[in-house]
Amino acid sequence: MRQAVSMVAHLGFRLRALPSALSRSLSSAQDVLHRTPLYDFHLAHGGKMVAFAGWSLPVQYQDSHMDLHLHTRQHCSLFDVSHMLQTKIFGSDRVKLMESLVVGDIAELRPNQGTLSLFTNEAGGILDDLIVTNTSEGYLYVVSNAGCWDKDLALMQNKVRELQNKGSDVGLEVVDNALLALQGTVTSGCPSPCLKKNVAMGYVPLEYSRPGTPLLVEVRRKQQMAVVSKMPFVPTNYYTLK
């Protein structure tokens, strides 16, 4: 991976990209797939290895996806992030910076609590998914896809420059109404093995966004009742090892 990136802005931001394990290159253009330090572990446990962004990673183990999902919810699972971009964001305005880039409610995260969120562009479109954790050490810990590391870092750095130019007066902007069709738009959905029901994410007009609001959604040309729910759908039960 390239040399760690650091930048100090007038607003108090500092970004530092951590090198992935053993400083392996993140290029996906190489003929030979990179291996994480857990490669042998994955093979020993029956991992089916596939190519992902230039890395050899397990797409599935011997058990079914349903069994793995329930095991993770009921016990715990190990996720190999050695191939992913890991970034620390420092500074007094770190939450303002991150909330200008993602759709998650970063300000509401408790110490050492994380959330899955999305990088968005100026039009509200999705660029990449990522996990943001509010650490008790006074910085945000961001894990994003290594295959997108260059554009993700560029996005954060451009936003820092934008906030510098505007000064520290910048607050959150309301989502442009043009992005919210009157009928709303479902962006993704799937069955929840834990809840035994279907769940989905999507955009709705602001007046219909309050949790508990009943809605009608169209599934395969049939309308079904739905209700706006605060995410995550299944309460988290993380344990942070110190």
Side-chain angles (χ1 to χ4, degrees), residues 1-5 17-88 101-104 114-121 125-133 141-156 186-196 198-202 220 231-234 236-239 241:
M1 182 176 176
R2 295 181 181 178
Q3 186 177 3
V5 178
L18 300 180
S20 60
L22 303 182
S23 299
R24 290 179 171 86
S25 171
L26 297 180
S27 173
S28 60
Q30 313 237 350
D31 294 332
V32 179
L33 293 176
H34 299 291
R35 297 179 179 180
T36 75
L38 295 178
Y39 176 82
D40 293 333
F41 175 91
H42 295 314
L43 288 182
H45 289 77
K48 180 181 178 181
M49 311 302 288
V50 299
F52 179 81
W55 296 78
S56 181
L57 296 171
V59 68
Q60 185 178 356
Y61 288 93
Q62 295 173 339
D63 297 328
S64 68
H65 290 301
M66 186 72 70
D67 291 336
L68 294 175
H69 178 100
L70 294 176
H71 176 87
T72 301
R73 286 297 187 185
Q74 296 168 4
H75 305 284
C76 69
S77 292
L78 178 69
F79 182 66
D80 188 352
V81 298
S82 306
H83 67 292
M84 304 189 77
L85 178 67
Q86 302 165 60
T87 308
K88 290 182 178 180
L101 295 170
V102 303
V103 298
T115 183
L116 177 65
S117 193
L118 300 168
F119 270 135
T120 56
N121 59 26
I126 298 173
L127 295 176
D128 195 9
D129 59 345
L130 71 160
I131 298 174
V132 183
T133 299
Y141 181 66
V142 182
V143 178
S144 54
N145 287 309
C148 304
W149 76 273
D150 50 351
K151 70 175 183 179
D152 287 350
L153 280 181
L155 177 67
M156 285 191 283
V186 174
T187 58
S188 65
C190 66
S192 169
C194 295
L195 298 178
K196 303 295 190 296
N198 294 326
V199 296
M201 294 189 296
R220 298 184 180 90
M231 294 191 293
F233 296 107
V234 179
T236 56
N237 189 25
Y238 297 130
Y239 175 76
L241 182 64

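Numbering of residues begins at 1 and proceeds along the displayed sequence.
With sequence neighbours excluded, the residues satisfying side-chain contact (heavy atoms from CB on, under 4.5 Å) with S117 are V102, V103, L130. Under the side-chain contact (heavy atoms from CB on, under 4.5 Å) criterion, P193 pairs with M66, H69, L70, sequence neighbours left out. Evaluation of the side chain to side chain donor-acceptor pair (under 3.5 Å) rule for T72 yields S77 as partners, not counting sequence neighbours.
Contact annotation: the side chain of H42 never approaches that of K48 to less than 4.5 Å [non-hydrogen atoms, C-beta and beyond]. Within the 4.5 Å cutoff, the side chain of V142 has no heavy atoms near those of the Q86 side chain. The shortest distance between side-chain heavy atoms of L195 and V234 falls below 4.5 Å.
When all heavy atoms of Y39 and S56 are compared, the closest pair comes out as CE1-OG, 3.4 Å. Between P58 and G47, the shortest heavy-atom contact is CB-CA, 4.3 Å.
Atom CG of residue L85 and atom CG of residue D128 lie 9.5 Å apart, to the nearest 0.5 angstrom. For the atom pair CZ of R73 and NE2 of H75, the computed distance is 13.5 Å after rounding to the nearest 0.5 Å. Note that the CD atom of Q62 and the CG atom of D67 stand 12.0 Å from one another [nearest 0.5 Å]. Between atom CZ of residue R35 and atom OG of residue S82 there is a gap of 14.0 Å, rounded to the nearest 0.5 Å.
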Margin query: Would N145 and D129 count as a side-chain contact (heavy atoms from CB on, under 4.5 Å) here? Give the steps.
Written below: CA-CA 7 Å; N145 287 309; D129 59 345; 2.8 Å; yes
Next item on the list: For the pair H71 and D63, evaluate side-chain hydrogen bond (donor to acceptor under 3.5 Å, both in side chains) and give the outcome as yes or no after the intermediate values.
Entry: CA-CA 10 Å; H71 176 87; D63 297 328; over 6 Å; no
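Ring geometry for W55 versus H34: interplanar angle of 30 to 60°, hence tilted.
Put simply, the side chain of N121 gets close to the backbone of G125: a donor and an acceptor are under 3.5 Å apart.
Here the options are L33, L38, T36, the test is side-chain contact (heavy atoms from CB on, under 4.5 Å), and the partner is L57; only T36 passes.
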